[in-house]
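Proteins get letters first, then strands, A, B, ... in listed order; numbering begins at 1 in each.
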Amino acid sequence: MVSKLQTPLTVSAYKSEVHNDWCPGCGDFGILQAVQQSCAELALPPGETMVFAGIGCSGKVFNYMATHGVHTLHGRVLPFAVGAKLANPDLEVVAVGGDGDGYGIGAGHFVHAGRRNVDMAYIVMTNEVYGLTKGQASPTLGRGQQTKSLPLPNTNDAIQPLALALSSGYTWIGRSYAFDGKHLKEMIKKAIEHKGMALLDVLQPCPTFNDLHTAEWFNKKVKGEGTTMLPRIFNANEAGHDGAVKDPTNHDEVADKQKKAFELAHYHGDRIPVGVFYEIKLPTYVERMQAQAPMLIKYSPARVPYEDASHLPTTDLSKSYEEFMF
Amino acid sequence: MVSKLQTPLTVSAYKSEVHNDWCPGCGDFGILQAVQQSCAELALPPGETMVFAGIGCSGKVFNYMATHGVHTLHGRVLPFAVGAKLANPDLEVVAVGGDGDGYGIGAGHFVHAGRRNVDMAYIVMTNEVYGLTKGQASPTLGRGQQTKSLPLPNTNDAIQPLALALSSGYTWIGRSYAFDGKHLKEMIKKAIEHKGMALLDVLQPCPTFNDLHTAEWFNKKVKGEGTTMLPRIFNANEAGHDGAVKDPTNHDEVADKQKKAFELAHYHGDRIPVGVFYEIKLPTYVERMQAQAPMLIKYSPARVPYEDASHLPTTDLSKSYEEFMF
Amino acid sequence: MKVVNEVNWMIGGPQGTGVDSSANLFSQACATAGLWIFGKREYHSNIKGKHSYFQVRVSDKPIHSHVDEVHILATFEDSTARLHAHEVVKGGALIYDPTKITLDDLNLKSGVITLPIDFNSVIRHVAEVTGMEYGTLSLMKNTIAVAASMALLRMDMAHIEATLARIYTGRKAKLVAPNVAATKKAYEAVDALPDEMHDQFPYHLEPKQNTPKRLLINGAQANSLGKLKAGCRYQTYYPISPATDESNYLESHPEYGIAVVQCEDEIAAIDMALGAATTGVRASTATSGPGFCLMSEGLGWGGMNEVPIVLFDYQRGGPSTGLPTRHEQGDLMFAAFGGHGEYPRLVMSPATINDHFHLAFESFNYADRFQTPVIVLNDKFLTHSLETIPPFNEANLIIDRGRLATPQELEAAMADGKGFPRFRPDAKTVVSARPYPGQEGSPYWMTGDEHDDYGHITEKPETRKKMHEKRMSKYRLMLEQIPEEKQFSLNGDPDADLTLICWGTTFGVLEDALPILKEKGINANFLHYRMLHPFPIASEKILKKAKKLVMVESNWGTQMGHLIRMATGIFIPTQVVKYTGRPMSLNEIIDSVEKIVKKQVPPEVDPLTGQSIEKVVLTYGL
Amino acid sequence: MKVVNEVNWMIGGPQGTGVDSSANLFSQACATAGLWIFGKREYHSNIKGKHSYFQVRVSDKPIHSHVDEVHILATFEDSTARLHAHEVVKGGALIYDPTKITLDDLNLKSGVITLPIDFNSVIRHVAEVTGMEYGTLSLMKNTIAVAASMALLRMDMAHIEATLARIYTGRKAKLVAPNVAATKKAYEAVDALPDEMHDQFPYHLEPKQNTPKRLLINGAQANSLGKLKAGCRYQTYYPISPATDESNYLESHPEYGIAVVQCEDEIAAIDMALGAATTGVRASTATSGPGFCLMSEGLGWGGMNEVPIVLFDYQRGGPSTGLPTRHEQGDLMFAAFGGHGEYPRLVMSPATINDHFHLAFESFNYADRFQTPVIVLNDKFLTHSLETIPPFNEANLIIDRGRLATPQELEAAMADGKGFPRFRPDAKTVVSARPYPGQEGSPYWMTGDEHDDYGHITEKPETRKKMHEKRMSKYRLMLEQIPEEKQFSLNGDPDADLTLICWGTTFGVLEDALPILKEKGINANFLHYRMLHPFPIASEKILKKAKKLVMVESNWGTQMGHLIRMATGIFIPTQVVKYTGRPMSLNEIIDSVEKIVKKQVPPEVDPLTGQSIEKVVLTYGL
Ligand SMILES: Cc1ncc(C[n+]2csc(CCOP(=O)(O)OP(=O)(O)O)c2C)c(N)n1
Ligand SMILES: Cc1ncc(C[n+]2csc(CCOP(=O)(O)OP(=O)(O)O)c2C)c(N)n1
Ligand code: SF4
Ligand code: SF4
Ligand SMILES: [Mg+2]
Ligand SMILES: [Mg+2]
């Protein structure tokens, strides 16, 4: 069990001293801040919190947190984070990374993480570009679109990350926007608190390379139903979408909620829904592990004792030796 | 353009002399045969047809075909096949492989292949196990299930391959069954003929390692609507499902067809739908490439001329040199 | 001439027909009788139908290698007889099914005793007697073949009966009775042989009294037990032959509290193990060539972040998917130099099945002590070979977690508030203090980018220099701190005329070869490398002192030979190599050494060095 | 003392503020004036804000290296001045913004001329004059800094004007006028300096007449052009510094009909290129360390299936993500030995920017001729360095597709009906005939498993042996068939007292060093390796003849030094290495060689070999 601080810390207690080198106006600032606020409000002990990050501009989050910060490999943030969480479920593990990292090179891990339902939050910074390598198309950029650095318009179709998460088995799926600090923070907290694998996709302006979908673009009012102009980004939950499955054993309810989440993930038109798309409570991977290896209920793998005070190994293999003894 | 034979060949013309070493009763036999029949009926020229295969029992298909056969690397059949097809679109390229290969280690490529819509068919042999490595759980085996070789019940949830394909952008998605030769052959032909990326998932009994879902199990009659007993496998298209988008520019139709395909992919209950789940006509990757590099309309990359008869290079770089000349 | 307790038995058949089970039955029965076993398995990358075979060598005394000449070949279908009949020595025996094959079709040496058994009629008989269904008993062919062999060898039936009872327990206990019945029937068939035949067949097995307790175990099992003993509690894997057996074994033993995670691929396997290792758990992964390739990036991250991690690479025939179920020592150079850029790693390889246990145990100590990836090179050969060995000696096992953060250091970090200086070189140990997440004062940062004491990214040339040098100096530490006897060993007469050089699992065959060579008047010893990279430079004195060196490796390029030259400048022009995917047999070694001594190996030019070499390429084995 | 046409100019500033553009403007203006350029770029793995700088060395004659002492440092903010002011030589000049920094804060040598320019006021002036918005002109700081430098150097303004017109075309043409206005203003500011100051500043640039046409080009561009010329028409990539520039260049030139595919990862990149190559297209991929790691499995498949493919590895600081935008020659061992099992590969590395073109061209011929992967080791240094070089000599370029299937062979295969014997060793060429899919009679099989002549899987020991030996014998073919002058070169006096040994892009700095060393009384030559693996054994004679050898490499372990010893037994104890991520400068080389000659390098023990070595570790450069 992840423990909580008795006395919560301030937000600044989660800020490291490292100089931040994101570009001015980068949406990552908003996300970092919301993560730090969430940590403070959830009273997470910095020494028992591990923030795993991918490689990219987004990946630098690891260095700006005053928790354990692990900068993994490009596309591999999930395996690293899952490894840590399963080895020691008492740690709060949060994974963050870019859209190229998570949905591009990391797509295989992304899919399989859904199958495990490890209890952790995964926050993806979706800016439609590979920021740190200077603006190539990431898998969320639409076909035919041409951001600043592309010599030619994008030849690939965009991925639908939320639909993909749904088909992969994520048990909490949401979207937010980097510059809506309040909504974002609440969503991050929900993703962390959710018992299971949570994907939070965050729309993140990259003022340097993404000249199509800038903060201004996100803030623009667009045609809603009829002719009224409405904010481009709207809170689907406020608009009535309830993605939470009440009874996970009720197949009809599950199917219905999945279908609605799928439709929302494929939402068509100028407006962009944010909020909780889908949520269900299923056994976590640790619970499944514990069911098979009861010793892991008492000890996390990282804490199973195997030496005594004088460093003699204490694992008794005699039962196993019997199998082979003649 | 892929050319067709003037005079079609017999099925046996597509059979190589290599001894087949699958286990007796393996569903792969049915699939291989249907592929060979499809080649014959589509009059594919063996010398212009390349069958790319993954690694697994399934992967051995490459060796049993009397076309070009390429045994790639585990999980990598799609990148290899895509490479060949884009380099020479005049070749008929068919990819085949196991479910571990394609949905397990290959999941990342699987997702991204959807984004490219390369004109080829991908046939996955879904037997819920890693056959060739002796029966470990593959990503299609359900959680809690324990096939013969598993020391403990499976801890991972199953993937929903068809839903995943839908979320990844495949433009033709279908399912068939290894021992329904007629349906299977028709489906393979459709997948090959479809102009774009087609996924055909084939349910494949593995009598050696999958003792849960055997041919007998697939053939069993089960409870349908009400109390009548019906065949477990049913043809969804015959049952009224029409997955084909008529007008790809009509967003409402697309959304509706996608939603229905999604529901069918998540079909719940004892019965299993087969058939065409979804189909849409969108520009292929080669068409997109040609739009950007008009020379590729005239020549495939594999045929762009760059040497003369005496092997002197003929590519004229003078325009490019100008950029740099001082 | 009676040959007691020295026999090489072979059984073969299509895969999936129980060849392994027969070999187990035979081996266990012999073990029950106090005899010593070395069993070697060969099979195709196929599930059912292709040819596989198992050779079990039985002896009075411990043995560690296989031989090529066969004393009893037990078959129950035609292909094995066809493929292997010529290997049966004069005076040996062939057990065959006369309904499947006629002897004329076989390439039998004269003087081979042939014992026809109509397997199906035996099974039908048993079905009748026990009232069981014929179909469910068809695998009993194996028992019959074993029993007939045992009868020929004049081994008491009781050993088989005891073994059957040991093998078939629980739900399978009902199989004991029919198997015993079949055994009896086979003994009867053999008893019915004319006496002359019995007399002609010189090979006898006799129980050995007072044999101490031994384990009958293969490399994968010994390795797994070593890992458990070491405290490894996190194992990741993706199925691949021949590595899977280890993970399967661990998975089947949840009682030790080890988390075994089947990953989506080998990239996830290494990265998950690394992620786990950051929490302090002893973590490892096991794979084989193709999977090993996918792990190079992760290994480099481990090197850069000084993560203790152990990778077990079960070598098989390469390159690419190669020969997935065959033997090779082909991954040495890759293990030593895989991954871009420079980072330290320790590469070792176990000598014997017993050493699988010990090296697996030690490797976690090394990983913790040097805080860097350790690669253990196992291989298909011993992984699947069965040997009787004394129980593992647990007496001197000590857990060494290396340079963990002290409470004082954690407190200082807490007071300081800047995080834990995880990567600050320690003045004494070089290797830095390591805290675990969860310890107060522990937070620090990790990154594959170059970093400072705390793990923050830096591109400062002076910090880069300091950190790179710190990491690379671990090579010096390894050479200094790993005891010489764990690095290499000189076996046999130190003043021998000939020094064979080998590494890893080639130990056993050379160990067995020395006395035989001696009998032939060849005074050889052998230098065995257990530590491969960094190169045990202390062994240079042996290389320099040796009268004549012969490199013995199961690969094309004499990879260890290259490492030796890289470190010492010594070129070893005399080479015995094998790269057919089959391990070296005892007689091949003897033959090749004799050839070398008799100067029967023609010289050739090594294209890579331009030097004249004499190279024996071994090819025996199907 | 007037110094004409010998100047080292530096500009620095936060990333994203136009440092590169200034360097381009400066370089191009100098090139327009017929001068020769060598420009080196340093920057962080960051998009905006971190410090970057660009040094442009200008000379009368061709130059191929950078130097450390700076003659003009042009800055427009405070950090660059702070970081680099101390590098300006006595008599040099600092251009700075007095509103941003006071000179007292800087570590300036005495005798440095300081030229204050209020950049904002110039821009404001231009905004007024042209009526353009201040904001859109802010990047003009760079032009102002360049113009002030040029004015100081007494270069005619016309060269800048011409260059501005060349750079700003199309939609950007409207930027010419304000930039010209800013240039004028900067020239005025410099003209306004007191005469004594001008007199004190000895560095002048004068146009050089009759300079032949040259290319001002970097390594990535030269490499791309070589690939296009060779007929490479399929390029895959996944973004990674510093490799991306090549793919970006190719992507921007669809007119050549090259398919450039951005893949989902580097595994897909190598596998897609392999898949493409099976159709006969000349295919390649470009990556850097971390991506290279992910390609090892694919490369092994290429080796096993004898697929011609070229992999360009743009080396950067390792291990792991390391120093993503810095220089290193750290991937040599990995390129030579990466991947499990054994397969042949050719590893080469270009000497100069000009050679990037030629080696890129050749590499496809080698891939086709030896039908196996070719790895070209480029690096961050020359990839991003700018040099004026004579136009590529296209005179002797020939396309060699190697052993393609003949019409007769295809017909025979068709008649035979068993498929094409793609892997049957050719009695003469060893390498087998290769058909393309689509040719009648062409179908054959490919597999990473061991296979027979047709590409069918086999586990037969004798076929394995034949095929493995055939593949590995390509090493011999490479050594025999690649002309010696393409493998290595001895540069300078063959009888020199000192032989420096280097590989790849270290060529230029040693080329420039020889005459300077000569002036200092040191008669050195240098042996440059262009082919790295298999080791050019023909170079052994040079190594043996040399009076004293010095290994010069940008890595920790002298990786080439190890390859030399592995092949020849020769150990080179004197070493000059650098692993700070910065390339070696001309003066560092001079200094270190002087130190070595003067025996000022203290001996130390090399832990890996136990030998006494003398090692100079270079560290210059921010
Ligand atoms: C294996 C590997 N391939 C490529 C890279 C180079 N690389 C570094 S960051 C990056 C892209 C980052 O894009 P994204 O994940 O979207 O993050 P962003 O910078 O946009 O936040 C890439 C390709 C790498 N480090 N490792
Ligand atoms: C990189 C890599 N990892 C693992 C393997 C070992 N391997 C060979 S076949 C196979 C599983 C095949 O399962 P699947 O794709 O479902 O095919 P099936 O045998 O069931 O037809 C595996 C894991 C390999 N060849 N390469
Ligand atoms: S490049 Fe884009 S994503 Fe990266 S720091 Fe700058 S604004 Fe942010
Ligand atoms: S193991 Fe299963 S999938 Fe493989 S050949 Fe046998 S039956 Fe078919
Ligand atoms: Mg991004
Ligand atoms: Mg399968």
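Taking 4.5 Å as the limit, some side-chain heavy atom of D/Leu225 sits within range of a side-chain heavy atom of B/Tyr321.
Considering CG of B/Asp316 and CD of D/Glu394, their distance stands at 8.0 Å, rounded to 0.5 Å. In this structure, CG in B/Leu296 is found 9.5 Å from CD1 in D/Ile258, a value given to the nearest 0.5 Å.
When the candidates B/Glu48, B/His109, B/His68, B/Met295 are compared by the number of heavy-atom contacts under 4.5 Å with chain D, B/His68 comes out ahead.
Among all heavy-atom pairs drawn from D/Val281 and B/Pro301, the shortest one is CG2-O, 3.4 Å. Heavy atoms only, all atoms of each residue included: B/Thr72 and D/Trp301 are closest at O-NE1, 3.4 Å. The minimum heavy-atom distance linking B/Gly47 with D/Ser442 is given by the pair O-OG, 3.7 Å.
B/Glu17 touches chain D through its side chain: at least one heavy atom from C-beta onward sits under 4.5 Å away, while N, CA, C and O do not. Contact annotation for B/Leu91: only side-chain heavy atoms (C-beta onward) come within less than 4.5 Å of a heavy atom of chain D.
Of the charged side-chain nitrogens involved, none lies within less than 4.0 Å of a carboxylate oxygen, so that B/Glu322 and D/Lys213 do not count as a salt-bridged pair.
Residue-environment remark: CD (B/Glu41) exceeds the threshold of 12 foreign heavy atoms within 6.0 Å.
Relative to the ring axis of B/Phe326, D/Arg166 places its NZ or CZ within 45° and under 6.0 Å from the centre.
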